[in-house]
Structures are given as structure tokens and as C-alpha cells.
Amino acid sequence: MIPENYSSGKYAVGTETFTLTDHGRKELLGGKDEHRRIPVRVYYPADRASTAGMERARIFSERKKAALQKAFHIPQINEEINAADYYEGAAHAPGERFPVILFSHGYNSYVEADTYLCIDLASHGYIVASVGHAYEAVENDYEDGSFDLFDKNINKMMYTSMIKAIFSQMKLLKKKLSPEEAYAAFRDFQEKYTPYIKGRIPEWRSDSLCVLAALKERYGQWADFSAGVGASGHSLGGASAYDLCQNSGEVVCGINIDGGLFGEYDGMTMTKPFFQICCKENYNVETRPLLNTTAPVHYAVFTGMKHIGFTDAKFFVKNAMLTGKMPPRTMYRHLSDIHIRFFDKYLKKQNNIEIPNGEKDGVTYTTK
């Protein structure tokens, strides 16, 4: 079941993939002596006439499909899901320049995890670069035909004590805390149980900024960088979006899709508009955007949702324990609308755009 109107803008959508190598960084994962490689998939506004007669691009390579079926314990991925409304190598929309959004997947996820969202953004006039993270995804494909899988050694490094971390997190998520109390508790949790994950945030920042530098060269004739760039992501990718807003002068606004705010932010003030999306049960690890800010902060709390459900897995993983009970099309409609409104307002500078407030379809919107 694919979402209705997931490509709702006026543009067709083209896509391309490429690989970057950061020769300034040695790869710390994978057990190989190599420099950090970064797989990238770009979604861009395309000339609709040029896509006539073209075959739709496939979301998953055969290797990625097999890795996902194993990870999610599903027998197969329907080809209706795999053929998305975008086209490999389609001609760029002529005579226009478009703002850029950097997107990052979650930990042990994959570059195309939010394909429908990225396509819809591109159809509304954005160039979206989905940034992959080597050995930290279910599977990564590279331009030379090579690939990597999630480095299983990470499982040993991820927690100082997995059992204690799980119980501590369960307690934290169930407590009734103020945003200040919740952030302090999560900060202590990071220091005690997950210093490894916290330490990955600067590496993911470097991945994204490497991609941004490449986009300036590869997309210079189509991209508009004059107002800065936006950032979004799911899970740790969402935390990375917050980090980019704090630490990169070129990133001017961001969205975090249900990511615990891993990172070091004590003493820092957010000066850029930010949107925090969360499922109700994860609220206590996602309150940092409400604190120490001089810019607008928007919040959307989804009832009946689970963490993984904010990705395209909502449409092919039928286990509500993993993806939540909210209908897939309802989730997607809100997720896409949030992104389009937010980036239209703060990246395209369309000041007349309104961000929702109040409750609708099990989603509670607030603005600070």
C-alpha cells in the first residue's frame, strides 16, 4: 500500500546516486583501512515532459531488499512499493533554482528510508540529498558497485551496559517531567550508558557537510544556496539535523523526526527555527529543542505511533508493535505537510505560511 498523493507538487522528480570519499577522515568502522565513504541519493525537481515514457526508478537494490527483509523479518517487499514516482537521470526542471535540504536516516536504517517524503519535497521545489553513513546502515550501495553492511561490532560498543541502559531508558520515558527535567535526565543517560552514540554525532555532521560541499559543485546550476540550507532526518538523523543547526552557519532551519537529542549542547542557544516531531512515548528524550532558544520552535506529538513508523516501513511492515496503530496514510499526510509548510516558511521565506496548532487526527501541534 503506497501513500496517496505522495508526489503532490507540480514538478516531476528525478534521482541520482553518487559516492563521496572524505580523504581527511579515516574510517573508524568496518575493520578496514580506508577513508570515510559517503553514499548519497539526490531527489530533485525534474522537467515533467522529460519523464514521459521513462520507467520509474526502483527504491531498493536487490542487496538492500534482501537486507531489509532479513532485518524486518518479512518474506518479501511488494514491487508496487519498490517502484516509486521518480526517475533515474531525468532532466532537471529548466530555468529555476531550488533550495537544498540535507536528510539523514536513522541508526541501522538506510539511505532510502524516507523515500516518499523526499520525493514529495522534491515535487514541491526542493533538492533533497539523503546522506548515507558507512557501516551504520542496514546496507549501503556505492558507485563502484561495492557495498557494506551494518558493522556488528557496533552492538558491543553502543551501550556501556545494554540491560541497564534499556531499563534506565524505560524508566525515563515513563516519568512525568518538565522539559528541563527530561533533558537533564537524558543528558545523564547519554553520559552513563551511550557515550558511543553521542560520539557519532560529530562524524555524521562531517558526512553531511561533505555532501553539502559536493552539492555546491555538482548542483551549482540548479541549486539556490542564497538563503542557506535546511536539514531533516529520522532518529539519529534527526538529532544530526539539530546538531547541524547548532554547529553549521549554512544550515538555517531543521526538523527532527522522533530522534533522541544525542549530542553535546550544554551552554548553547538555538538561534534557528526548528520543528520537533515525536511519538508520544519518546517525548522525554526529545525536549531539548524547547530549551535555550531565541527562534520559533514547533512541536508535533503523534499518538498511536511507534518510532520506526515515521519511515516508509510504515507501508510494508505490518507489525503495529514496531510501526504504531496510526493509519499509514494519516501519518504520511502529517509528516509531509509538516515538512513542506516548515521549509516553505523558513527556507523559501514564504512568511504567509501557517504552521498548524492544536489537535488533528491524533497529532497535537504546539508552537513556542
Side-chain angles (χ1 to χ4, degrees), residues 5-20 38-52 54 57 84-104 111-112 114-132 143 205 207-233 240-241 244-245 248-255 272-275 295 336-353 355:
N5 299 323
Y6 71 88
S7 177
S8 61
K10 69 177 184 179
Y11 299 98
V13 178
T15 186
E16 72 159 330
T17 59
F18 57 87
T19 300
L20 302 174
I38 307 162
V40 187
R41 180 176 285 278
V42 179
Y43 308 79
Y44 58 85
D47 177 24
R48 191 167 291 280
S50 76
T51 65
M54 292 183 70
D85 192 11
Y86 67 149
Y87 304 88
E88 196 82 38
H92 289 257
E96 295 183 80
R97 292 177 180 267
F98 303 98
V100 170
I101 297 169
L102 299 170
F103 189 91
S104 272
V111 171
E112 297 87 1
D114 280 274
T115 291
Y116 297 139
L117 173 63
C118 293
I119 288 173
D120 204 19
L121 281 166
S123 79
H124 282 265
Y126 291 95
I127 294 170
V128 185
S130 186
V131 181
E143 200 169 0
R205 182 198 314 153
D207 288 345
S208 294
L209 294 180
C210 186
V211 172
L212 178 56
L215 290 174
K216 290 178 180 178
E217 294 185 11
R218 299 176 72 111
Y219 278 75
Q221 61 183 306
W222 303 297
D224 179 6
F225 297 101
S226 62
V229 302
S232 181
S240 180
L244 284 165
C245 285
S248 170
E250 294 181 277
V251 178
V252 298
C253 57
I255 298 177
K272 301 164 186 178
F274 201 79
F275 204 123
S336 184
D337 185 65
I338 285 169
H339 277 73
I340 292 166
R341 286 178 181 270
F342 181 83
F343 288 121
D344 280 358
K345 186 176 184 69
Y346 296 114
L347 194 52
K348 289 186 177 178
K349 306 299 183 183
Q350 296 177 4
N351 295 326
N352 61 325
I353 298 292
I355 305 295

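Computed over heavy atoms, backbone and side chain alike; hydrogens, waters and symmetry mates excluded.
- Under the 4.5 Å side-chain criterion, counting only non-hydrogen atoms from C-beta, Ile340 is in contact with Leu121.
- Residues Phe342 and Pro273 are in side-chain contact: their nearest non-hydrogen atoms beyond the backbone lie under 4.5 Å apart.
- Atoms OG and CZ, from Ser104 and Arg205 in turn, are 12.5 Å apart once rounded to the nearest 0.5 Å.
- Considering CG of Asp85 and OG1 of Thr115, their distance stands at 12.0 Å, rounded to 0.5 Å.
- The two residues Ser8 and Ser123 make their nearest non-hydrogen contact at N-OG, 3.5 Å.
- With sequence neighbours excluded, the residues that form a side chain to side chain contact (heavy atoms under 4.5 Å, CB included) with Asp224 are Arg97, Ser226.
- Contact detail for Gly132 and Val111: the closest heavy-atom pair is CA-CG2, 3.5 Å.
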**Q.** Audit row: Arg218, Glu16, side chain to side chain contact (heavy atoms under 4.5 Å, CB included) steps and yes/no
**A.** CA-CA 11 Å; Arg218 299 176 72 111; Glu16 72 159 330; 3.7 Å; yes
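- Using a 4.5 Å heavy-atom cutoff, the side chains of Thr17 and Glu143 are not in contact.
- Remark: Phe103 CZ to Ser208 OG distance equals 11.0 Å, nearest 0.5 Å.
- You'll find the side chain of Leu102 reaches within 4.5 Å of the side chain of Leu215, heavy atoms only.
- Taking each heavy atom of Lys272 and Ser248 in turn, the nearest pair found is NZ-O, 2.6 Å.
- Among all heavy-atom pairs drawn from Leu347 and Gly230, the shortest one is CD2-N, 3.7 Å.
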Q. How far apart are the C-alpha atoms of Tyr346 and Phe275, what are their side-chain angles, what is the distance that settles it, and do they pass the ring-ring contact (aromatic ring centres under 6.0 Å, His included) test?
A. CA-CA 11 Å; Tyr346 296 114; Phe275 204 123; 9.3 Å; no
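- Between Trp222 and Tyr219, the two ring planes are perpendicular [angle over 60°; tilted spans 30° to 60°].
- Rounding to the nearest 0.5 Å places CG of Asp344 at 8.0 Å from NE2 of His124.
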Q: Might you work through the side-chain hydrogen bond (donor to acceptor under 3.5 Å, both in side chains) test for Tyr43 and Asp120, ending with a clear yes or no?
A: CA-CA 9 Å; Tyr43 308 79; Asp120 204 19; over 6 Å; no
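- For the ring pair (Phe, Tyr, Trp, His ring centres under 6.0 Å) with Phe98, the qualifying choice from Tyr11, Tyr44, Phe225, Phe343 is Tyr11, the only one to do so.
- Here the straight-line distance linking atom OG of Ser336 with atom CZ of Arg341 works out to 11.0 Å at 0.5 Å rounding.
- Looking at His339 and Ser232, their side chains come closer than 4.5 Å, going by heavy atoms from C-beta outward.
- Here the shortest heavy-atom pairing between Ala231 and Val251 reads CB-CG1, 3.8 Å.
- Note that CD1 of Ile119 is 8.0 Å distant from OG1 of Thr15, once rounded to the nearest 0.5 Å.
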